[in-house]
Every structure is written in C-alpha cells, then in structure tokens.
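Taking it in order: structure first as structure tokens, then the write-up.
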Amino acid sequence: MEIPKNYNPSEAEAKWYPYWMNNGYFRSVPDEREPYTIVIPPPNVTGVLHMGHMLNNTIQDVMIRRARMLGKNACWVPGTDHASIATEAKVVAMLKEKGIKKSDLTREEFLKYAFEWKEKYGGIILEQLKKLGASCDWDRTRFTMEDDLSEAVIDVFIDLFKKGYIYRGTRMVNWDPAGLTAVSDEEVIHKEVQSKLCYVRYVLVDADEAYDNNDAAARQRKFDNNEFITIATVRPETILGDTAICVHPEDPRYKHLKGKFAVIPMANRKVPVIFDDYITMEFGTGCLKVTPAHDINDYNLGVKHHLEVIDTINPDGTMSAAAGFYIGEDRFIVRKKIVKDLDALGHVVKIEDYTNKVGYSERTDAVIEPKLSMQWFVKMQEFSKPALDAVMDGEVKLIPDKFVNTYRHWMENVHDWCISRQLWWGQRIPAWYDNKGNVAVCKTAEEAIAMIKDKNPSVTVTDIRQDEDVLDTWFSSWLWPISVFDGFKDPNNKDINYYYPTNDLVTAPEILFFWVARMIMAGYEYRGKRPFENVYLTGIVRDKQGRKMSKSLGNSPDPLDLISKYGADGVRVGMLLSSPAGNDLLFDEGLCEQGRNFWNKLWNAFRLVKGWEVSSSIEQPTANIASIEWFQHRLYAATAEINDHYEKYRMSDALMSTYKLIWDDFCAWYLELIKPAYQQPIDAKTFEATVNFFEKIVSIVHPFMPFVSEEIWHLLRERKQGEDLIVGKWPVHAAADKSLLDDFTIASGIIAEVRNFRQSKGVSPKEQVELHYSISGQASALDRFSGAIIKLANLSKLEKITEKPTGAFPFVVNQFECFIPLSESIDKEAEKERLTKELEYSIGFLKSVESKLSNERFVNNAKPDVVAAEQKKKADAESKIKSIQEALASL
RNA sequence: GGGAGCAUAGCUCAGCUGGUUCAGAGCAUCUGCCUUACAAGCAGAGGGUCACAGGUUCGAAUCCUGUUGCUCCCA
C-alpha cells in the first residue's frame with residue numbers, strides 16, 4: 001500500500017469523524033461500567049465558536065477521550081443555552097432590519113420570530129465543535145428552553161417560592177437601558193472611564209424662607225452672601241432628582257447647616273441638608289447630592305433618612321416627565337446640556353477631569369442605570385450555605401485551588417439574586433395577579449384562580465394576568481447537570497441515577513459565581529448531592545499583547561480558519577501547549593504551528609517504519625534487543641508520568657511529556673537506533689516490536705490528536721470491525737527499570753559528547769572515529785549499549801583500555817574516561833583549558849559538598865537520607881575529579 | 001476602598017513537604033548540516049543575582065516581613 005508523503009488533515013477529519021459517529025462511539029447508555037461524565041457549559045444558542053470555546057472544549061474532549069480509553073463509560077452531554085438577553089437583542093436587531101419594531105408585535109408573534117431565528121442559527125456552534133473533533137454524545141443534545149427543561153425551571157421557581165426562598169420586592173436594580181431589562185450584579189462590568197467632575201452650587205435657605213431660583217437678582221444675592229453650598233458630581237443630569245444634600249456630622253465646614261435647606265437649581269425645589277457619617281469628607285467638597293432613585297448608595301441613604309424618591313430617568317435612558325426639564329432627551333446629551341444651562345445661571349463653580357468606574361451591561365455594553373423597580377429575588381443567605389461548605393470541605397474541588405479563597409469571599413458576602421428580566425425570550429415567570437393586588441405563584445391561570453378565590457371570590461379568568469417578565473437565563477442553566485438527564489421530570493430515572501453526580505466540569509473562572517456556585521446550590525437542593533466532583537477552571541484566551549480576544553477588538557483568529565490551516569489536531573495541541581489551569585493563555589499562532597509540526601513528525605515516523613522491508617530470515621541484532629528493552633522501560637516511565645499529570649489536571653504537562661516521549665525518545669533515539677542501513681531490510685522481531693510501540697504511542701497521543709492517531713492506527717495493521725483507536729486501550733505500565741534507564745542516559749551522554757567533538761573539530765558525521773574508554777568500576781552502560789553508541793556515534797571501534805593514550809581528545813561522562821584518538825595533532829592548550837574549566841567546577845562543587853558534610857550542625861540536623869545523598873555526591877565528585885585529572889595528564 | 005494572586009532564560013511556563021549537579025522545559029536565538037522518514041527536519045551551543053531589601057535556618061527560587069511593579073475579583 002502506498003503511503004502518501006504528506007498527511008492530509010482535512011481528509012482524515014472528514015473521514016474519521018463521521019466514522020466514529022456512525023459506529024456510535026460517542027454514544028453512552030448506562031451499563032455496568034464506571035461512568036465518566038461531563039456536561040458541557042452550554043454555549044449561547046446563536047453564538048459562534050471563539051477561541052475560549054476552543055480551549056474549553058479541547059480540554060473536555062481530551063478528558064473524555066482518555067476516560068473512554070481507560071474503559072470508562074464516557075458521556076459528554078452537549079447542548080445550548082437560550083441566553084435570553086443576548087439572543088433577544090439579536091432578534092430585535094434582525095427585526096429592525098426588516099423594519100419591524102418589537103413594540104409593534106405581541107409576545108406570541110415575537111416569540112415566533114425568535115424561535116425561527118433559533119432554528120436557523122441555533123446550533124451552528126455545535127456543528128463547529130464537531131470540526132474540532134469533540135466527541136460529544138450528540139443524541140443527548142439539550143437546549144435550556146426546550147419543553148422539559150423549561151418545565152423544570154417553572155417547577156423549581158414554584159418550589160422555591162413555596163419554601164420561602166423566592167420573594168418579590170422593590171429594590172434598586174442594575175437597569176440596562178439598551179436591553180430594557182434588569183440585570184444581575186454579576187452581569188455588570190465595571191470599567192474605568194474619564195469623566196468630568198462638575199462642581200455645582202446650590203443656594204441655601206431656611207425651612208420657611210421663600211426663595212425663587214428663577215429670580216436672577218435673588219440668586220446673585222445668595223451667591224454674593226456666601227449663602228450656598230457646593231457639591232461635586234459626575235452625573236449632573238441627576239440633579240433634577242436630588243431630594244437631599246448630605247454632609248458629614250463631624251465636618252466643621254458644614255456644622256452650621258443644621259436645619260437648613262438647599263434649593264435644587266432649575267427645579268427650584270427645597271430639599272433638606274442631612275448629616276450622615278457615610279460621607280467621605282475628603283472627596284470633592286465633602287458634600288453629597290442625594291439622588292435616591294439613581295444611585296444605590298443614595299438609595300440606602302434615602303431609606304435611612306426617609307427621603308422622597310424622584311425617578312427622573314425613563315427605562316430607555318431618556319429623561320422622564322418627573323425631571324421637569326429635557327423630557328425625552330437622552331441622559332448623556334442632557335449631562336452636557338444641563339452643565340451649560342447651569343453655568344449660564346451661575347451655578348457651575350468649576351469642572352475637573354476625573355477617573356471613575358462605571359458599570360456596563362455585559363450583554364449590551366450600555367451604561368447601567370441604577371433604577372428602582374419591582375423584581376423577583378432568590379434569598380441567598382441560607383440557600384448558599386451548602387454550596388460554600390461543599391467547596392470548603394473539598395467535596396467539590398476547584399482546580400487550581402487558588403480559586404477557593406475567591407469563592408469563599410463571594411459566598412460569604414452573597415447578595416440576593418435578582419431573577420426577573422424584562423424580556424420575552426425565556427421562561428415566563430409563573431406568577432399571576434388579579435385586579436385587587438393578589439398574587440399566586442403556580443403553573444396555570446386556573447390554579448391561580450383557585451388560589452386567589454378565598455381572598456377575591458369574584459375573580460375570573462379575565463381578571464387574571466401573568467407576570468410579563470421572564471427568568472434570568474442562569475435560573476435555567478443552574479439546573480443543567482440535573483435537567484439534561486431529566487432529573488426533574490423523572491427524578492429516579494436510570495440516566496440520572498447513573499450519570500449524576502458528574503465527574504468534571506470545565507469552565508471559565510469568570511462564571512464561577514454566575515453558574516458554578518449556583519449549580520452546586522441546585523445540586524444539593526434537588527439531588528442532595530454535588531453536581532460534579534472537580535471544577536477545572538481554564539484561563540482567558542488573550543492575544544500576544546495580553547488583550548482578551550474579542551470580536552470587537554478584531555484580534556481573534558477564526559477558529560475554523562485555524563483548523564483548516566493547521567488541522568484540528570494541530571490547533572488542539574496549540575491550545576494546550578501553554579495553558580495551565582486557571583492561567584490565561586497568551587495565544588500565538590506559532591503554537592498551532594508547533595502542533596502541526598508535531599503531527600507531521602508522527603506521520604513521518606510512521607512513513608519510515610511502514611517503508612521498511614521486513615525479513616524473517618535475518619537474525620535480530622543484539623543491539624536492537626537492548627534498544628527495544630530500553631524503549632519499553634522508557635515507555636513505562638513516560639506512561640506513569642503522563643498518568644500522574646492527568647490525575648493532577650496538568651493538561652499542558654501531560655501534553656509536553658507525550659510530545660517528548662514521541663519526538664525525543666521514540667523518533668530521535670529509538671527509531672535511529674533500530675533503523676536498518678539504507679535499503680537494508682529489518683528483522684521481523686524488531687519490526688514487530690516497533691509496530692507494537694507505535695500502537696502504544698498513538699494510543700497515548702490520541703486524546704490530544706485524535707485524527708492523525710486514528711489514521712495511523714488503521715494503517716499500521718489490518719484492523720477488524722470495531723478495532724478502532726478511539727475505543728482502544730490506554731497503555732498499562734509496569735515499573736520501569738531505573739538502572740537500565742540510567743545506563744542509557746550514560747550511553748546517550750557519550751554519544752552526545754562524540755557529536756559535540758565532531759561539531760567543534762569539524763569532523764563530519766559520516767567519518768567514522770574510534771572511541772577508547774577506561775573505567776575503574778562497573779561498566780554496565782557500555783555492556784548494554786555499546787551497539788547503540790557505535791551506531792549513533794558512528795564509531796569504527798569502541799574499546800576498553802587500561803593505558804591512557806596521548807594525543808587523543810579526552811572527555812568524561814559519569815565514571816567513564818573517554819578518548820578519541822586523532823590522526824592530526826590536537827590543540828592541546830584548548831583541550832587543557834576545557835578540561836581545566838570542568839575540573840574547577842567539579843572541585844568547587846566538591847568543596848561545597850565537603851563543607852556541608854564537615855558542618856556538624858548539618859550532619860546532626862538534616863535527614864539521614866539527605867546526608868547519605870551528600871556523601872554519594874562527594875564520592876562521585878572525587879572520582880570524576882580523578883578522571884579529569886588523568887585526562888589532563890594524558891595531554 | 002475591600003479581597004485574592006503573580007513576579008524564575010528573549011517569550012510562555014515547571015520547580016511538590018526548604019536539601020540530588022537546582023536553577024529546569026518547550027519555543028525563540030546562534031553555529032554546522034539538503035545524513036535516502038521528516039528543512040514543518042537533524043546535530044550542537046549560548047542564555048537567568050529566581051523583582052528588590054531584610055529576616056528565620058546548618059541550608060532559601062521555595063518559609064516570614066517590608067518595598068516596588070502587574071493581573072484578576074468584589075464594592
């Protein structure tokens with residue numbers, strides 16, 4: 001069979017992915033095996049694949065594929081999230097393009113459009129995941145807004161309401177004026193911005209004093225008489241909603257203001273001067289305007305001091321009728337206008353540049369407007385307790401564990417969770433209101449009537465209306481690990497009992513609180529068990545300059561382009577080469593290139609082996625027996641090491657160990673060792689052993705590079721039906737023979753020295769040289785690996801000598817004193833210098849060891865094995881010094 | 001303002017309960033090679049005061065304190 005010179009990744013991907021699917025290898029059903037389960041963090045249904053998904057899903061697929069090879073029943077559940085705000089925003093934008101306004105549609109009409117949109121674009125991202133090689137059980141694909149999952153959401157809402165965890169109340173919420181909805185604290189991103197700090201003076205009056213701010217003369221008189229107070233604000237447009245001025249009770253500048261009132265400019269409204277130690281005296285003028293409707297701290301002050309609340313901003317961010325001025329104009333335009341107008345009236349003292357933090361909506365990037373409104377909340381204090389304990393007790397492990405502190409801090413200061421959203425796309429809140437202000441929480445209008453009846457006997461269906469709002473998306477995704485297995489619909493079904501709790505969750509630290517913490521809460525509340533055992537937190541994918549990769553910055557490569565350029569295998573390796581858990585990944589396309597080079601290397605090794613002519617008539621060289629023995633043990637050691645990395649969730653290290661096993665040990669050493677001379681056949685035994693090794697190697701690399709490994713697996717030998725690498729066995733390993741590996745290290749050290757000699761002396765690798773050595777003690781390394789050394793160092797002779805030759809190039813490896821005889825005279829001075837340097841280093845080293853050993857306190861205090869190790873170091877150093885000295889003498 | 005974390009080679013990072021020749025890996029760099037699997041390659045080499053200053057210890061990259069710089073989270 002002809003082996004193509006180049007491996008074609010896209011052909012292999014197009015071949016193997018459907019093959020795996022058609023053979024049902026991704027499919028999982030409960031059986032007697034141990035389950036290994038991951039639920040995917042559901043991406044937005046209308047989203048497209050970005051680099052963060054690539055990282056996240058590569059890690060999950062590596063874990064799933066390895067578990068499958070370990071003989072576990074691996075189940076990776078995929079799905080999508082309805083992402084209420086993001087999706088609704090997209091649908092609204094799409095309608096706008098068609099010239100349709102959301103406000104012109106009924107809820108039902110809008111949802112029809114939304115579902116059409118979802119059908120058209122939903123799930124694109126799942127198709128993209130397939131290109132990456134993700135081995136999800138696609139038959140289990142779920143969607144957070146499908147009927148069963150929505151029903152679970154509604155049931156949980158009703159249940160938590162009955163348990164008293166859900167309440168409705170007026171609170172200051174984070175209002176998104178673009179999305180026209182409240183968002184949770186977690187969905188607000190605080191950004192530093194350059195603002196103008198505007199100093200404005202308010203005229204002071206007595207309680208009963210008549211004063212008209214529109215009277216220019218009266219105003220000027222007040223200013224001239226120093227009868228005013230100056231406040232500093234970055235939000236002058238909210239001045240019209242001010243209902244008090246607050247100063248610190250201890251502030252000597254303002255003590256005389258007790259009982260005084262200030263007049264709101266333009267609005268011409270009298271508000272009290274209040275005193276509260278909340279004020280920072282050092283900030284601005286030490287004097288705060290209080291706008292309870294538009295600032296959370298002001299709101300709290302307002303509650304404490306019983307202040308009036310004047311809501312001057314409409315839901316869409318324009319000024320409301322209550323403002324009295326600029327009605328219908330946008331808050332940011334008004335911010336500029338009002339400063340101008342106030343200045344014209346003489347109220348503006350000065351304007352300074354100022355850096356402050358402003359909240360932005362995560363979904364729409366609009367500036368959040370704190371706003372009072374009636375919303376639904378989940379009481380978190382008590383409810384979150386089991387989720388805190390679970391992490392603190394290690395019942396749920398966070399990887400890396402540095403996140404535990406952050407988690408605890410958040411959970412101990414948890415706020416109630418605002419779960420209502422003023423949207424249509426999502427699960428509608430199952431609360432019903434009659435015309436008399438009664439509320440019933442239940443599934444249907446009929447039930448609501450029955451519940452309300454005793455308070456309002458005359459109530460009928462026409463009097464009842466359902467809450468207009470939908471639930472926060474996270475209120476459905478927090479049920480994900482249970483709902484994907486129908487654990488609410490059918491709490492005792494086979495799947496949920498088998499797969500739950502799941503094993504690992506792989507997600508980004510930024511949603512630790514949004515999602516992970518809440519899943520843990522729901523897990524304990526509804527299953528009495530943790531939803532997963534380990535949470536692997538990935539980093540954020542950044543570009544080389546450390547900026548987060550995002551569409552708006554345009555610094556993110558298209559993952560599918562990368563796949564077509566470097567192959568899915570190359571990209572997977574590129575993603576994992578430098579991404580320790582919890583650390584950000586500075587993505588560089590060079591990493592994918594390295595990944596591509598890796599599969600290329602593997603492919604070429606395969607071509608080499610497959611190209612050999614095999615002969616059963618030639619005897620197996622003894623050198624090959626030793627090489628096979630060495631690689632066998634090297635493989636044992638590497639497998640143990642790789643397993644250890646996996647168990648500690650060190651994905652990059654597991655990959656690097658795999659990389660080195662293949663590139664260095666297998667290709668650079670083993671294959672070179674057993675490679676027959678040009679156009680010579682290889683003996684059958686060595687060939688068989690090599691093919692066996694190759695099978696082990698592609699098994700180990702399969703989780704990282706599933707496609708090329710499956711391809712080679714099938715080309716290595718004839719395979720029967722079902723004999724596929726994806727369901728192959730993960731290599732088992734025995735204890736590695738350390739002395740054997742150590743001997744090889746010595747042998748390879750000698751080979752490297754000879755190569756070094758060639759390099760520095762300009763002796764071609766093709767030209768054979770002789771090597772003489774002497775050793776006082778055991779020479780097992782040379783007994784075992786003399787053939788290896790002769791071959792790879794290209795020696796004509798390897799001989800043990802007793803007399804030190806002169807005029808030879810000397811070097812020392814371990815206890816071996818080696819000499820390469822030279823036809824031409826060597827530069828003795830240069831050699832002396834080289835050896836003297838080495839000698840000096842060794843003597844210095846010996847000295848430090850000796851001083852340690854002669855230190856009584858060291859000998860007495862250090863652990864015995866440490867002391868023994870030092871003694872061994874001393875002996876080794878002494879013998880090495882002796883060897884070098886002899887070599888020097890021979891010059 | 002509150003909390004957490006980080007600082008080791010040009011870059012990205014390992015370095016576990018202080019003790020192996022502990023100062024490492026990969027990439028990049030430099031030198032020499034078109035050696036018939038692979039130039040997407042082979043062989044070899046150079047490169048770090050472990051941020052800074054103290055302290056504990058027989059011994060510190062590792063533990064403690066302070067300083068500086070950076071990142072993230074929360075308000």
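As the structure is a computational prediction, the values presented were derived from the model and not from experiment. Throughout, a chain's letter reflects where its sequence line sits, starting with A, and its residues are numbered from 1.
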If you apply the rule side chain to side chain contact (heavy atoms under 4.5 Å, CB included), what do you find for A:Y670 with A:T690, and how did you get there?
CA-CA 9 Å; A:Y670 176 76; A:T690 304; 2.9 Å; yes

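- Contact check, A:K675 against B:A37: a side-chain N or O comes under 4.0 Å of OP1 or OP2.
- Between the base of B:A43 and the side chain of A:E672 there is no donor-acceptor pair shorter than 3.5 Å.
- Looking at heavy-atom distances under 4.0 Å, A:Y659 makes contact with sugar-phosphate atoms alone, never a base.
- In RNA chain B, consecutive stretches of 3 or more Watson-Crick or G-U wobble pairs with both distances under 3.5 Å are given as paired ranges: B:1-7 with B:68-74, B:10-13 with B:24-27, B:29-33 with B:41-45, B:51-55 with B:63-67.
- Considering only residues two or more places apart in sequence or on other chains, A:F811 meets the ring pair (Phe, Tyr, Trp, His ring centres under 6.0 Å) condition with none of them.
- Distance from the side chain of A:K601 is smallest to B:A37 among B:A37, B:C73, B:A40.
- OP1 or OP2 of B:G41 has at least one side-chain nitrogen or oxygen of A:N597 nearer than 4.0 Å.
- The side chain of A:W599 lies closest to B:A40 when the candidates are B:U35, B:A25, B:A40.
- Considering only side-chain N and O atoms, A:W663 lies nowhere under 4.0 angstrom from the phosphate OP1 or OP2 of B:A25.
- Here A:R650 lies in heavy-atom contact (under 4.0 Å) with sugar-phosphate atoms only.
- A distance of about 15 Å separates the P atoms of B:C64 and B:U56, rounded to the whole Å.
- Under the rule for a ring pair (Phe, Tyr, Trp, His ring centres under 6.0 Å), A:H409 has no partner lying at least two apart in sequence or in another chain.
- Residues passing the side chain to side chain contact (heavy atoms under 4.5 Å, CB included) test with A:M656, sequence neighbours excluded: A:L577, A:Y659, A:K660.
- When the ring pair (Phe, Tyr, Trp, His ring centres under 6.0 Å) test is applied to A:F744, the partners found at least two apart in sequence or on another chain are A:W630, A:W669, A:F785.
- In this structure, A:D664 has no salt bridge (Lys or Arg N to Asp or Glu O under 4.0 Å) partners at least two apart in sequence or on a different chain.
- If you take atom P in B:A60 and the same atom in B:C52, they sit 16 Å apart, rounded to whole Å.
- A salt bridge (charged side-chain N to carboxylate O under 4.0 Å, His left out) check over residues 669-679 of chain A, counting only residues at least two apart or in different chains, returns the pairs A:E672-A:K675.
- Each salt bridge (charged side-chain N to carboxylate O under 4.0 Å, His left out) pair with one or both residues in residues 595-607 of chain A, not counting sequence neighbours, appears once here: A:E593-A:R596.
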Could you go through nucleotides 30-32 of chain B and list every protein N or O atom that sits under 3.5 Å from one of its N or O atoms, giving the distance for each pair?
unit_1 : atom_1 : unit_2 : atom_2 : d
B:U31  : O2     : A:Q759 : NE2    : 3.0

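- For the pair A:N756 and B:A45, the criterion of a side-chain N or O lying under 4.0 Å from OP1 or OP2 is met.
- Base contact: A:R596 has a heavy atom under 4.0 Å from a base atom.
- Every ring pair (Phe, Tyr, Trp, His ring centres under 6.0 Å) that A:W599 has, sequence neighbours left out, goes to A:Y7.
- Sequence neighbours left out, the pairs with a member in residues 645-655 of chain A that pass salt bridge (charged side-chain N to carboxylate O under 4.0 Å, His left out) are A:D644-A:K648, A:R650-A:D653.
- Using a 4.0 Å cut-off, some side-chain N or O of A:R755 falls inside it from OP1 or OP2 of B:G44.
- The closest side-chain heavy-atom distance from A:R235 to A:D295 is not below 4.5 Å.
- Summarising the geometry, the separation between NZ on A:K766 and P on B:C34 is reported as 7 Å, rounded to the nearest angstrom.
- Under 4.0 Å is where a charged nitrogen must lie from a carboxylate oxygen, and between A:K565 and A:E589 at least one such pair does.
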Anything under 3.5 Å between a protein N or O and an N or O of nucleotides 70-72 of chain B, put it in a table, one pair a line.
none

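- Looking at heavy-atom distances under 4.0 Å, A:W612 makes no contact with the nucleic acid at all.
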